[in-house]
*Asks:* 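Just passing along the structure, written as structure tokens.
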Protein chains: 4
Amino acid sequence: MYSRIRAETYRLFTPERGGRMGLVVDWFIMILIAVNVAAVILETIDSLGTQYATVFLWIEIVSVIIFTIEYVGRIWSAVEHPDYDGIVSGRVSFASRPLLIVDLLAILPFYLALVGVTAELRFLRALRLVRFLRLLKLARYSESLKAFSVVLERKKPDLIVAVFVNAMLLIVVSSAMYYIENQAQPETFSSIPQAMWWGVITLTTVGYGNTVPVTPLGQVLGALTAVLGIGLFALPASILASGFLEVARDETKECPYCGENIHNEEL
Amino acid sequence: MYSRIRAETYRLFTPERGGRMGLVVDWFIMILIAVNVAAVILETIDSLGTQYATVFLWIEIVSVIIFTIEYVGRIWSAVEHPDYDGIVSGRVSFASRPLLIVDLLAILPFYLALVGVTAELRFLRALRLVRFLRLLKLARYSESLKAFSVVLERKKPDLIVAVFVNAMLLIVVSSAMYYIENQAQPETFSSIPQAMWWGVITLTTVGYGNTVPVTPLGQVLGALTAVLGIGLFALPASILASGFLEVARDETKECPYCGENIHNEEL
Amino acid sequence: MYSRIRAETYRLFTPERGGRMGLVVDWFIMILIAVNVAAVILETIDSLGTQYATVFLWIEIVSVIIFTIEYVGRIWSAVEHPDYDGIVSGRVSFASRPLLIVDLLAILPFYLALVGVTAELRFLRALRLVRFLRLLKLARYSESLKAFSVVLERKKPDLIVAVFVNAMLLIVVSSAMYYIENQAQPETFSSIPQAMWWGVITLTTVGYGNTVPVTPLGQVLGALTAVLGIGLFALPASILASGFLEVARDETKECPYCGENIHNEEL
Amino acid sequence: MYSRIRAETYRLFTPERGGRMGLVVDWFIMILIAVNVAAVILETIDSLGTQYATVFLWIEIVSVIIFTIEYVGRIWSAVEHPDYDGIVSGRVSFASRPLLIVDLLAILPFYLALVGVTAELRFLRALRLVRFLRLLKLARYSESLKAFSVVLERKKPDLIVAVFVNAMLLIVVSSAMYYIENQAQPETFSSIPQAMWWGVITLTTVGYGNTVPVTPLGQVLGALTAVLGIGLFALPASILASGFLEVARDETKECPYCGENIHNEEL
């Protein structure tokens with residue numbers, strides 16, 4: 001009896017095997033997460049936060065109870081999976097998976113507040129958002145997601161080199177700007193880290209306009225930095241573009257000459 | 001006689017079948033729309049709006065009369081088309097097409113103002129612009145438009161995943177920024193939706209500079225957000241680029257080895 | 001004698017046939033243009049402009065004399081070219097070529113000032129810059145330039161559609177923003193053309209931050225506009241990228257299977 | 001004995017041949033550089049700079065001593081390499097290599113300060129960063145780096161033409177903006193070089209918002225400039241993308257028809 005309930009629970013929280021009921025549970029939790037994320041966002045609007053304080057509180061209480069039941073249920077029934085079959089060790093190993101830790105962190109602040117820990121841990125609730133990633137695993141987009149990860153995997157060395165080159169560029173440009181502008185604007189360019197704030201905002205072409213070089217030499221360097229920022233954009237865009245294309249080309253396609261399917265083993 | 005006029009009217013408003021006269025009508029209406037759009041834009045300039053008030057009024061009156069005649073004429077003659085051959089049901093079904101509703105909404109404010117409804121519905125006139133889309137259907141660019149829609153169709157899953165990932169990124173980054181900056185700038189980062197305004201403007205690298213993090217931690221997160229914004233750019237650009245290329249490759253081309261044309265059925 | 005001098009003059013100003021002497025003349029004029037452009041730029045710096053006023057004046061006088069000699073010489077000797085062999089008609093037709101008109105406009109302000117026309121035509125001197133384009137025609141880069149123009153020619157319909165769609169997007173977004181923000185900021189969003197200034201600066205992600213929506217609805221539309229601006233970037237970048245690749249693919253290349261060169265007639 | 005030590009020293013500073021010990025030395029120096037760069041950056045933060053002044057001073061002294069030993073050791077042992085085998089001439093020629101000059105410049109300020117030259121040469125210490133480039137030469141990324149340089153080499157003419165066209169565009173746009181805005185904002189657009197600051201910041205879509213056109217004509221030109229800035233982005237991105245793809249295509253790949261490897265001699 002006990003083991004039948006556990007097996008049933010396991011299937012309930014494993015959408016791939018849960019059948020119709022599992023899908024309903026999955027969608028219900030998805031919607032609950034969406035409601036939670038919306039609540040976390042809207043609650044911060046002062047007028048709404050005070051007026052509907054009770055509503056937000058009840059959403060939180062109900063959500064935490066449901067998430068707790070789900071969390072306990074999943075850990076309890078995890079031993080059904082051959083990978084986690086130790087009564088204790090299996091569950092601990094299951095609970096240590098990143099997504100399960102996220103699940104725990106997302107409900108923990110509520111219980112810590114109950115026992116008196118009132119530190120500002122509310123922001124952990126935002127972690128519930130992470131579970132939204134599961135939505136992407138749904139059938140229609142799983143292929144796109146796989147293509148993305150293949151492209152990223154394949155172009156990782158290129159992207160790392162691009163990041164490295166740009167990080168060095170940032171340090172060089174910011175250090176130089178600090179030495180140039182420090183005297184003219186001791187407040188704005190008070191240190192190299194502060195100059196790096198200017199550097200990132202310029203290289204990425206965001207350009208807030210709060211920290212701006214004012215000396216002629218600083219403006220020449222600033223102009224140069226802005227131009228180099230274009231390269232910063234062009235590199236990853238072109239690396240990813242070639243990645244997407246190579247992956248598309250490598251996928252199975254019919255040979256136009258012989259009619260056979262060509263499979264590329266590299267993937 | 002009645003049915004001959006109706007058939008004639010139908011052909012007049014169906015450029016594909018209207019012959020020379022239909023083309024003239026089509027171009028005349030296009031130019032009238034252009035004049036209208038220009039009038040709507042220029043009228044808002046105070047100095048012009050008051051000085052040429054009468055001119056703008058007459059442009060409006062004449063345009064609405066012509067658009068009304070065209071609208072009535074098209075609905076009246078719609079029954080000529082085999083898809084809309086019910087005397088009443090056919091015309092209702094024709095009038096329910098999105099473009100026809102737009103046509104109606106674009107002339108309605110004028111008549112509502114006549115009968116006393118003076119609400120600010122003038123902005124509906126901007127809808128006349130939508131009809132400009134027809135210009136793109138002209139022969140020369142129809143192929144480009146088709147290529148665009150094929151690329152968009154083909155890359156839809158990839159683009160949706162990209163949008164989804166970026167939306168999540170926006171929520172995470174903005175929530176974190178709210179908790180970091182709220183104390184230092186309670187006015188600017190007064191709520192998460194307000195922080196999301198900062199988030200969008202930074203991730204898209206627009207960077208107005210009105211809402212800017214001032215705490216060291218906030219600036220580190222802001223710098224990270226600006227860098228992630230480059231990815232936000234690089235993803236759709238590279239997805240679209242690979243889409244355009246795949247479509248171009250799939251189009252009919254001569255096989256360089258055997259001289260035959262290769263057609264790809266996937267399109 | 002007269003015709004020998006004219007033939008000699010013609011060859012002097014036709015770098016392709018001018019031999020060693022023609023090259024020297026060509027380079028001398030190029031350098032003179034560079035000096036002129038630098039002078040025009042530096043002259044506007046107040047401290048330099050007053051201190052070296054005489055130097056700038058002499059550069060101008062000498063340059064105009066040399067450019068005038070060159071201009072007269074080229075028109076006089078143009079009849080050597082079979083296309084322009086009418087004594088008067090040939091020269092007029094030669095003088096009507098765009099580059100020759102630019103040459104005339106670049107020296108005209110000096111003579112107009114001499115005869116008393118002191119209108120602000122000095123900016124026409126900047127036209128001398130246009131002649132720099134000739135530099136690009138030098139051997140090494142002519143192939144790149146040709147590839148650029150082939151790509152632009154080939155992708156013209158796509159680019160025009162992209163421009164058209166974006167222009168419509170700009171009008172729609174700016175009109176809506178005008179109606180939304182006009183009441184809250186009657187100064188900044190005083191008219192639709194004024195709102196279009198905001199629209200362009202946001203869609204291109206420049207984001208000066210001088211005109212910014214302040215109402216919640218305006219900020220939602222502003223965020224949407226910023227996101228659409230990414231598409232505005234992604235479209236031409238991806239269209240050009242696919243254009244460059246198609247051109248590269250179409251160029252002559254050795255067939256890896258049969259060893260023959262494959263020429264593509266499409267180019 | 002002397003020559004054995006020299007040979008040993010040479011191997012120590014030549015990671016490719018230094019074996020285990022050479023690797024340790026290489027990594028030690030890498031870490032020391034990282035510590036130095038971090039120190040240079042953190043030292044500029046006032047609160048840290050004064051509190052840990054002694055720590056920063058000792059890091060500097062120890063680093064300079066180690067870098068000096070390394071510098072002297074490498075020059076002394078350079079004659080082991082067949083290319084630099086003259087006792088004096090070989091060493092001078094080795095010391096003239098760019099990276100060695102950088103090494104010298106990075107330690108020189110310390111010694112100059114000792115002998116009384118107290119000019120602001122501290123910024124030369126930032127040059128130590130350049131040595132970080134060596135990190136990229138490590139095995140895993142060398143292929144990516146090579147691919148980058150192949151792409152840049154191959155697309156150099158295209159990129160130079162793009163830079164040239166954009167530089168001309170910048171001069172034209174800035175000159176025009178100077179003549180348009182100078183009267184309305186004599187401070188901000190005081191000269192063409194000052195207008196070029198605006199031009200670069202707009203063309204690169206950084207858009208600080210400090211110098212902004214205010215006249216209607218200036219705003220029309222500004223809007224045009226912002227739009228042209230998109231082209232400025234799209235060009236290098238699409239050129240690089242096609243470069244990456246061509247290089248990927250040219251690399252050795254198995255022919256799907258005959259099973260043989262196809263090598264492209266162009267690389």
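No experiment lies behind these values; they were computed from the predicted model shown. Lettering follows sequence order; numbering is per chain, from 1.
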*Asks:* Please classify the contact of Val206(C) with chain B as side chain, backbone, both or neither, using a heavy-atom distance under 4.5 Å.
*Replies:*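 Only the backbone of Val206(C) comes within 4.5 Å of chain B.
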
*Asks:* So for Thr211(C), is it side chain, backbone, both, or neither that comes closer than 4.5 Å to the heavy atoms of chain B?
*Replies:* backbone

*Asks:* So which part of Pro213(C) gets closer than 4.5 Å to some heavy atom of chain B, the side chain, the backbone, both or neither?
*Replies:* both

*Asks:* Nearest 0.5 Å, what's the CZ-CG distance between Phe244(B) and Leu240(C)?
*Replies:* 10.5 Å

*Asks:* State, yes or no, whether a side-chain contact exists between Ser175(C) and Val40(B) at a heavy-atom distance under 4.5 Å.
*Replies:* no

*Asks:* For chain C, which residues of residues 191-202 of chain B have at least one non-hydrogen atom nearer than 4.5 Å to it?
*Replies:* Gln194(B), Trp197(B), Val200(B), Ile201(B)

*Asks:* Report the distance from atom OG1 of Thr204(B) to atom CG of Leu228(C), rounding to the nearest 0.5 Å.
*Replies:*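 Thr204(B) atom OG1 to Leu228(C) atom CG measures 10.5 Å (nearest 0.5 Å).
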
*Asks:* Do the non-hydrogen side-chain atoms of Ile239(C) and Phe148(B) ever get within less than 4.5 Å of each other?
*Replies:*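 They are in contact (side-chain heavy atoms under 4.5 Å apart), so the answer is yes.
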
*Asks:* Nearest 0.5 Å, please: how far is OG1 in Thr44(B) from OH in Tyr179(C)?
*Replies:*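 OG1 of Thr44(B) is found 7.0 Å from OH of Tyr179(C).
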
*Asks:* Among all residues two or more places apart in sequence or in another chain, which pass the side-chain hydrogen bond (donor to acceptor under 3.5 Å, both in side chains) test with Thr215(C)?
*Replies:*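 Thr215(C): side-chain hydrogen bond (donor to acceptor under 3.5 Å, both in side chains) contacts with Glu181(C).
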
*Asks:* How close do Ser238(C) and Ala237(B) get, heavy atom to heavy atom, and via which atoms?
*Replies:* CB-O, 3.6 Å

